[in-house]
Amino acid sequence: MLPTPDTSHVPYTLVYEPAEDSFLLLDTLSSPSEVSFLSSHFSPFPATTTTISSPRSQPQGAPLVLEVGSGSGVVTAFLTANAGRLFGHAAVLTLSTDVNVFACSATAKTTTRACAGEGERQRSSGTTDGDGNETENDAGPGAYLASLRADLATPFLPGSVDVLVFNPPYVPTPSVPRRMEQRGGPPPRGGGGGGGGGEKKPGYEEEIYLLELSYAGGDKGMEVTDRLLDSLPEVLSPRGCAYVLMCAQNKPQQVRERIRRWDAGRDDSNNAGNNGARWMAETVGSSGKKAGWEKLEIVRIWREFGKVGDK
Amino acid sequence: MKILTLNFLTCAVKACKSSAASYPLHPQEVELAKDEMEYNPQAMLNFLLRLDWAALRMTATELGFATLPEEMPTAEDLQQDELKMRQLHELLLETHVVSGKLVCGNCGHEYGIKEGIANFLLPSHLV
Ligand SMILES: [Zn+2]
């Protein structure tokens with residue numbers, strides 16, 4: 001069991017508190033099958049190889065990991081602090097987005113703290129781990145690049161994300177809340193939405209709004225998830241994969257079948273579609289019904305390339 | 001926001017994605033700070049292999065850092081040049097943007113950065 005990052009500093013009236021769904025993501029991403037998938041799919045670039053093709057057409061080397069809707073930051077912190085154990089090497093870049101600026105600050109803090117703690121553990125345990133065969137460099141934390149305030153993955157360069165993780169607002173509701181400034185609130189200040197920071201003390205109305213953002217999924221609970229799924233062919237690198245959490249009411253089986261029918265040949269992301277690529281979607285983690293939670297599952301979505309023999 | 005971040009970002013406006021002018025975004029009026037981070041040569045090499053060198057060169061120049069060579073050094077060169085590697089480590093992973101803005105070269109939209117967090121939410125007329 002890898003340690004769960006500490007989120008005791010997070011203001012839970014403004015930011016979603018880690019819960020059953022967050023912990024299912026941590027358990028799934030650190031399960032033996034996913035560790036095996038991640039470490040074989042994103043193995044480090046061999047240091048002896050000197051030929052480098054354009055990284056934009058076929059990324060290699062360090063995987064870029066993006067958590068969308070990071071909330072408290074518990075998942076981003078977990079992925080970053082444990083990068084060495086999950087990917088088999090510490091050459092992992094992580095980023096996070098959230099529309100809630102309080103969540104952006106919380107994620108940055110949770111991740112920085114978790115990595116500092118992990119670095120500390122690495123140093124005190126010397127250059128090998130318990131098995132005595134991993135070097136300090138391999139087991140250490142990855143590099144957390146930025147906490148961004150954004151809608152889903154919209155500011156990312158097409159074809160750039162290698163691992164996308166999303167714990168969406170998945171509860172069916174009559175509608176998804178509209179942005180505060182789009183429903184008659186004060187307009188954003190300065191050239192284009194002011195800064196990312198600017199944490200004024202929020203009123204009660206804003207607290208309700210931020211809470212709704214974290215769970216209200218609209219029709220079938222899928223309005224936000226569908227927008228994210230639609231963006232995957234563009235934003236994922238050819239080798240990229242996504243982990244998306246769904247609840248039973250989202251009808252995950254139908255979603256998986258729909259993804260498998262996507263045409264990998266339509267992707268404009270460079271040369272991904274031309275060698276027998278097809279879209280895959282499998283459930284790689286699930287929780288049973290317990291204590292008021294309905295069944296949750298984590299679906300992994302990725303492209304499989306026919307002949308190349310990628311796992 | 002670490003400098004390396006800029007290598008993976010573009011304008012959030014959908015119509016800008018296909019325009020070469022939208023990448024990389026141009027940092028303006030930025031305040032920078034430095035946080036030390038452990039230097040890991042093997043990881044650093046993998047980070048370098050992951051990035052777009054031409055875009056990094058542009059970003060570094062615009063931020064006022066010494067101009068990087070036109071061609072990305074080969075992995076072999078880098079492994080023999082620890083000084084160069086450490087300089088890149090400092091620029092890409094230790095230097096971060098505290099405040100300022102990022103400007104799209106295509107549509108001119110400005111994304112503000114405050115307290116290290118860039119805001120990519122678009123006003124409703126651009127969504
Ligand atoms: Zn633009």
Side-chain angles (χ1 to χ4, degrees), chain A residues 44-45 47-52 54-56 59-64 66 89-93 95 97 99 101 104-105 108 112 119 136-138 140 142-151 154-158 160-161 179 181-182 187-188 190-199 234 268, chain B residues 1-14 17-18 23-25 35 37-38 40-53 55 72 74-77 79 92-93 96-97 99-103 109-124 126-127:
Chain A
F45 197 78
T48 48
T49 314
T50 50
T51 46
I52 295 162
S54 164
R56 284 183 71 179
Q60 42 195 354
L64 189 77
L66 167 65
H89 58 92
V92 176
L93 301 166
L95 295 127
T97 65
V99 289
V101 71
C104 296
S105 311
T112 310
E136 189 178 338
N137 286 347
D138 287 339
Y144 181 56
L145 295 186
S147 178
L148 305 169
R149 189 177 187 197
D151 176 36
T154 49
F156 280 82
L157 192 66
S160 64
V161 178
R179 290 229 326 257
E181 58 266 35
Q182 287 173 8
E199 294 183 25
E234 181 180 78
D268 51 356
Chain B
M1 185 178 75
K2 294 183 194 291
I3 300 299
L4 183 50
T5 313
L6 291 179
N7 216 258
F8 306 113
L9 298 179
T10 179
C11 186
V13 176
K14 211 168 171 47
K17 298 276 183 199
S18 56
Y23 174 81
L25 297 170
D35 273 343
M37 190 179 150
E38 204 165 321
N40 176 340
Q42 182 59 47
M44 190 59 203
L45 196 60
N46 273 280
F47 297 152
L48 291 173
L49 296 170
R50 182 64 177 74
L51 56 76
D52 185 309
W53 186 260
M72 172 162 162
T74 65
E76 258 170 8
D77 289 346
Q79 278 170 318
L92 296 175
L93 295 174
H96 56 103
V97 184
S99 67
K101 55 191 179 184
L102 299 172
V103 183
H109 191 72
E110 299 179 351
Y111 299 96
I113 305 168
K114 264 190 209 166
E115 294 164 32
I117 298 169
N119 183 3
F120 282 93
L121 294 180
L122 294 167
S124 39
L126 287 176
V127 176

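Just so it is clear: chains get the letters A, B, ... in the order the sequence lines come, proteins before strands, and each one is counted from 1.
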**Asked** Taking Phe47(B) as the fixed residue, which of Leu93(A), Leu145(A), Leu64(A) is the one that meets the side chain to side chain contact (heavy atoms under 4.5 Å, CB included) rule?
**Response**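 When Leu93(A), Leu145(A), Leu64(A) are each tested with Phe47(B), the side chain to side chain contact (heavy atoms under 4.5 Å, CB included) holds only for Leu93(A).
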**Message:** Using the side chain to side chain contact (heavy atoms under 4.5 Å, CB included) definition, which of the options Asn119(B), Leu121(B), Leu9(B) pairs with Leu148(A)?
**Reply:**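 Going through Asn119(B), Leu121(B), Leu9(B) one by one, the side chain to side chain contact (heavy atoms under 4.5 Å, CB included) with Leu148(A) is satisfied by Leu9(B) alone.
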Report the distance from atom [atom1] of [X] to atom [atom2] of [Y], rounding to the nearest 0.5 Å.
X: Arg50(B); Y: Ser160(A); atom1: CZ; atom2: OG; answer: 6.5 Å
X: Thr112(A); Y: Asp35(B); atom1: OG1; atom2: CG; answer: 8.0 Å
X: Lys17(B); Y: Glu234(A); atom1: NZ; atom2: CD; answer: 6.5 Å

Distance-minimising heavy-atom pair for [X] and [Y]:
X: Ala43(B); Y: Ala91(A); value: CA-CB, 3.7 Å
X: Ser147(A); Y: Ile117(B); value: O-CG2, 3.6 Å
X: Gly61(A); Y: Asn46(B); value: CA-OD1, 3.4 Å

**Prompt:** Checking Met37(B) against chain A: side chain, backbone, both or neither under 4.5 Å from a heavy atom?
**Reply:**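 Side chain only.
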